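Below: the structure, in structure tokens.
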Amino acid sequence: MIIAALAGNPNCGKTTLFNELTGSKQHVGNWPGVTVEKKEGNYKKDNNISIVDLPGTYSLSPYSAEEEIARDYIINSKPNVVVNIVDATSIERNLYLTMQIAQTGTPMVVALNMMDEVESMGIDINTNKLSEMLGVPVVPIVARSGKGIEKLMAVTKDTAQRGIATLKQDVYDKIKNIEENKNDEEADILAADMRYEYIDKVVDSSVFKPQIKKLTTSDKIDQIVTNKVLSLPIFAVVMYMLFACTFSENFLFIEGLPSPGVWLAGVVESLWGSLTGVVDAALVSAGVSDWLHNLVIDGIMAGVGAVFGFIPLVLVLFVLMSFLEDSGYMARVAFVMDRIFRKFGLSGKSFIPLLMGFGCSVPALTASRTLESDKDRKITMMVTPFMSCGAKLPIYLMFVATLFADSNRTAIIFSIYALGMVMAVIGSLLLNKFMFKAENSGFIMELPKYRIPSLKSVGIHAWEKVKGFAIKAGTIILFSTILIWFLSNFNMSGMCDMEESFLAIIGNSIAWIFAPLGFNDWRASVGVVTGWIAKENIVATFGQLFAGVTDEAVLEAVMAGEQGLPAIGDVFTKVSAFSYMAFNLLCMPCFAAVGAMRREFGSMKWTLKAIAFQMVVAYVVALIINVVGNIIF
Amino acid sequence: MMPLAMAPAGEILIIKNLRCNEETKKHLLEMGFSTGEKAEVIKNTSSGIIVNIKGVKIALNRGLATGIIVEKE
Ligand SMILES: Nc1nc2c(ncn2[C@@H]2O[C@H](COP(=O)(O)OP(=O)(O)OP(=O)(O)O)[C@@H](O)[C@H]2O)c(=O)[nH]1
Ligand SMILES: [Mg+2]
């Protein structure tokens, strides 16, 4: 078994190569710091080669948490061979890490990536000369298209089997010599200077660059998107498009034009409605018992269907987010936002986890690893769940369809997303003021080249996310649906009226907690609790508990998206519905996200602090909405 | 000699000195800010500076850019 580790600077294409080699579908994005955990897989064409994808790092002396993972793996886990991926378009800077890895004595191969961009920039690289001067094999590749990777793997296997350490040139020895006199603070700096000095020599004799023209297109775009006046309006338009394409009923302000997301959702919902009809008819003609019919139609079809109908919206949201992530724009926003975010006690880099939070909190929490400062990272993690995730969207849509049908639906949904963002800001401000006493750190970030997102990677990314959503609907949601069906149809004396069921008893016993927030109802309380299992569960729960009391025709209309759950209107007013949405947006996230918090904080104490903070914020905000709302309306 | 934070866009500069704590200094070095290196200022705004160094575009906030001492070419 050969273990080959992929190492290199952030954003040089390691994960793209990893996916190409192993057939996996790991997250690729055009900004530094996408991968924050090590990932393993087997080479498709030779199962004896195991590939390890590592987070990107600028050097072997780490600066942030994910860089440490890469360093530790290379130094301590002793892979048989390191495949050092070098972004050939910025070879001088990338070779710094190459020199450091070579110095460790681990057998290594340099993969010169992005050769397609090198060609189009008119750069010419003499790989033989490069290999000779570095003392390690060099193979040019294009990770995105797979060009050259078979050759790369052949060389990698060969290098690993021969087990030879890197050619010890006098350069490496000389640098090592300086480093070993560590008594001097200057030793590191001196060693770094020597590395660059040698790299200059290497590059001078093996890389031929054409005379650079003044400003590239990318420079011009940067001047606009980071412009003092234009940067924020441009960002606002981008965000608006992201949400409007997903859930606007009057897309691009055209009355009655559904956005791609809404249109797709309608199609799926009506398909599910027909499916329910077919299943219903089949059950009736098969003459199954009443309780089974009830379980399948009112339990499973209503519960799971309520979630399924929203998958198209989530798909559209994810496609657009991957598109944004692949373009290179995210790093620019992080830079522009830095000055504003500082004022709240966050860093511009917090922008990336926060934006990912609109998709799902779990990867978003993990993405916070790229924040170098512990304070910035902790605050970012505590407020990330305030960004409304894809699974919370169905909750709003359900209420909007029922209670706000006469209002501007898009505006209502927007206002909830905005509430989450505002609370993230206020929450950070408070945490920064009262919980943390650390000075602000600096901001430094590489701005990647703008790239046209590849259809393949956008497709893969969105598909993976939606698959996760669908799997959740088929497992956790299905399971809780059945459980809720049982608890809401039975009590100690057998099958019973819903109002006397186990679930009603449990719900009623905690409903008083929420009474000040405006929703003193057992079904609403149960919804909050099932929401902790998965937020879209709230919709599944309501689908059962509220649709169960109405007839089939209404149920079908609900599923087809033509009508809300009218029974909700008996329990909620507009104000209490808004308060309920706000509470579920802000309170403790689902268990999967709590698990991610626990892992990323690395401490139970901090996880509990974060949950307590979120609960208090949720309660206070919902209370204010209920009190103020009832005064106004 | 002046801090990078004061350099106008379009200027080509040479890195002279890094005036910041050891850790930041090392990180800046690893990202390409070595003494004697040429850097081109792409943008200088209130949020910070974007420079082109060793063929890579790097964005820094004003705080960090103040600690990087440069000289006109
Ligand atoms: N043109 C071109 N683009 C590439 C190539 N390889 C990767 N990319 C793009 O480079 C960007 C970064 O790719 P990733 O694979 O996420 O890079 P990474 O090294 O894993 O990045 P981190 O995980 O952040 O360290 C993506 O936008 C890719 O589409 C290539 O050979 N040619
Ligand atoms: Mg990666």
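In what follows, chains are A, B, ... by sequence order, proteins preceding strands, each numbered from 1. In this text the structure is predicted, and so the values were computed from the model without any measurement.
Between D188(A) and K25(B), none of the side-chain N atoms (NZ, or NE/NH1/NH2) sits under 4.0 Å from a carboxylate O, so this pair counts as no salt bridge.
A distance of 5.5 Å separates CZ of R93(A) from CD1 of I58(B), quoted to the nearest 0.5 Å. With rounding to the nearest 0.5 Å, the separation of CG in L18(B) from CD1 in I189(A) is 7.5 Å. To the nearest 0.5 Å, atoms CD1 (I68(B)) and CD1 (I444(A)) are separated by 6.5 Å.
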**Check against side chain to side chain contact (heavy atoms under 4.5 Å, CB included), F443(A) and L64(B)** = CA-CA 7 Å; F443(A) 175 91; L64(B) 276 179; 5.6 Å; no
**Message:** Checking K57(B) against R332(A) for the side chain to side chain contact (heavy atoms under 4.5 Å, CB included) test, could you report, in this order, the C-alpha distance in whole Å, the side-chain angles of both residues, the deciding distance, and whether it holds?
**Reply:** CA-CA 11 Å; K57(B) 244 188 256 185; R332(A) 274 73 184 181; 4.2 Å; yes
**Request:** Evaluate the side chain to side chain donor-acceptor pair (under 3.5 Å) criterion for residues K228(A) and S47(B): first the C-alpha distance (whole Å), next the side-chain angles of each, then the deciding distance (0.1 Å), finally the verdict.
**Result:** CA-CA 8 Å; K228(A) 200 160 68 187; S47(B) 347; over 6 Å; no
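In this structure, chain B has no heavy atom under 4.5 Å from any part of D87(A). Contacts of S61(A) with chain B are made by both backbone and side-chain atoms, with heavy-atom separations under 4.5 Å.
Listed here is the closest heavy atom pair of I42(B) and Q223(A): O-NE2, 2.9 Å. Between S90(A) and G55(B), the closest heavy-atom pair is CB-O, 3.9 Å.
Contact of the K43(B) side chain with the D222(A) side chain is not registered, since no non-hydrogen atoms from C-beta on lie closer than 4.5 Å. Y196(A) places a side-chain heavy atom less than 4.5 Å from the side chain of K54(B).
The 12-atom threshold is exceeded at CZ of R451(A), counting heavy atoms of other residues, nucleotides or ligands nearer than 6.0 Å. Crowding of M6(B) atom CE: a count of heavy atoms from other residues, nucleotides or ligands under 6.0 Å not exceeding 12.
Comparing I50(B), I53(B), T45(B) by heavy-atom pairs within less than 4.5 Å of chain A, the highest count is held by I50(B). Your options are G348(A), S218(A), A331(A), P448(A), and the one with the most heavy-atom pairs under 4.5 Å with chain B is S218(A). For the options C20(B), A9(B), S46(B), G63(B), heavy-atom pairs under 4.5 Å to chain A are most numerous at S46(B).
Listed by sequence position, L28(B), L29(B), E30(B), M31(B), G32(B), F33(B), S34(B), T35(B) are the residues of residues 28-35 of chain B in contact with chain A, using a 4.5 angstrom heavy-atom cutoff.
With a 6.0 Å cutoff to the six-membered ring centre and a 45° limit on the axis angle, K26(B) does not count as a cation-pi contact of Y63(A).
Y450(A) pairs by the ring pair (Phe, Tyr, Trp, His ring centres under 6.0 Å) definition with nothing, not counting sequence neighbours.
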